[in-house]
Amino acid sequence: MAIDRERLKARAIAEVEAHRQELVDLSLRIHDNPETGLQEHKASAWLCELLEKAGFQVERGICGLPTAFRAAAGQGAPRVAFLAEYDALPGAGHACGHNLIGVSAAAAALGARTALDSTGGSLVVIGTPAEEIVGGKVIMARQGAFDGLDVAMLTHPGSRNAVHSRALACASLEVEYFGREAHAAARPETGINALDALILAYNAIGALRQHIRDSARIHGVITDGGQAANVVPNHSAASFLVRAEDDAYLDELKSKVIACFEAGARGSGARLEYRWSENQFAAMRSNSTLAEAHKANLAAVGRQTHDQLSRHMGSTDMGNVSALAPAIHPTIAVAPPEVGIHSREFAACAASEDAQRGLLDAAKAMAMTAIDVLTDADLRRRIQEEFLASP
Ligand SMILES: [Zn+2]
Ligand SMILES: [Zn+2]
């Protein structure tokens with residue numbers, strides 16, 4: 001069986017290689033046509049086309065999201081999913097390199113498909129829009145898009161090769177204060193200052209930060225601070241994000257943050273309205289059994305991984321997938337260590353030759369990991385055991 005598996009892997013790699021130019025061109029075309037969340041019409045159409053041409057059954061516009069899709073091949077269990085992202089950042093193009101994520105997912109599926117006749121089971125590419133601004137996977141998770149999967153994987157470009165990932169749970173908050181307008185010099189005593197309410201709350205949150213866990217984050221911007229210096233502002237608004245390593249601590253922080261905003265209302269007399277986004281990102285639960293299998297496959301394509309527990313954590317809607325199925329969110333190096341994602345420099349790296357090598361290596365390694373999962377019942381059992389045992 002082991003020899004058989006190696007032969008299947010070699011065939012998957014050859015298939016990815018056979019599509020090399022087409023895959024690279026597609027990643028560059030998506031890079032040159034950046035579309036922000038839920039507007040990824042071209043990218044999603046191009047990825048669907050590629051998969052359909054390769055014999056996948058494609059459903060477009062799933063879960064009520066026009067740019068979400070599902071492309072499937074094979075039948076029944078085990079079910080292996082490659083998740084695709086393809087949204088750009090507002091104003092910053094592909095500064096998160098999602099052009100590479102979408103194409104590497106599709107490419108991995110093309111490669112792994114060559115093994116399906118021998119392995120049985122099925123492969124699915126799930127196109128998940130709007131990772132950056134909405135969290136498409138959160139919406140899709142609620143609608144069952146990730147139910148029944150044996151594993152789910154997505155490779156994100158970055159500045160190092162790593163298989164274990166962490167990401168913070170994240171909740172997004174919109175607040176508004178309503179006060180009363182007045183002439184700021186002639187009749188200030190009749191005014192209620194909505195900006196003061198927000199500044200009091202902002203400072204209260206600053207004080208709260210001393211007393212939260214190291215890895216937690218609270219940050220925000222004022223989106224309305226009044227219109228004219230000689231008018232007491234009757235309205236103010238802000239957007240905040242609250243992040244924590246686990247969902248329970250996130251809930252605790254959320255109520256502390258609201259207490260700060262209530263303090264602003266109380267101190268100023270302005271009325272507070274707030275709304276938490278219903279698309280809350282869950283913390284990423286990386287499946288280390290699956291990650292270790294993937295590590296061996298990355299090594300097989302010549303990539304040593306460097307996993308150190310980083311204190312630099314963001315959040316991703318892949319966290320919500322990891323709560324429903326054993327999942328990994330490995331990183332592939334396409335940029336030098338000093339270049340961070342969401343920068344102009346990283347956007348350039350996402351179209352470089354390093355990016356093209358990264359895309360192909362990520363695809364080959366994911367295809368091989370899929371073949372491991374499809375052919376190794378013991379691996380599947382250990383992955384599942386870890387998934388069920390983790391909190
Ligand atoms: Zn990003
Ligand atoms: Zn990203």
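Order of appearance sets the numbers: ligands from 1, and atoms from 1 within every ligand.
Put simply, the angle at the Zn ion (ligand 2) from NE2 in His98 to SG in Cys96 is close to 100°, to the nearest 10°.
The hydrophobic cluster containing Trp276 does not contain Val134, counting ILVMFWY residues as joined when their side-chain heavy atoms lie under 4.5 angstrom apart, directly or transitively.
The nearest N/O/S atom of Glu132 to the Zn ion (ligand 1) is OE2. For the Zn ion (ligand 1), the nearest N, O or S atom contributed by His342 is named NE2.
The pair Arg142-Glu278 counts as a salt bridge, with a side-chain nitrogen and a carboxylate oxygen less than 4.0 angstrom apart.
Listed by first then second residue, pairs satisfying side chain to side chain donor-acceptor pair (under 3.5 Å) with a partner in residues 47-67 read Glu22-Lys53, Glu40-Thr67, Glu52-Arg60, not counting sequence neighbours.
Between Phe240 and Phe261, the ring-plane angle classifies as perpendicular under the 30° and 60° cut-offs.
For a distance bound of 2.8 Å, the N, O or S atoms of Glu131 include none lying that close to the Zn ion (ligand 1).
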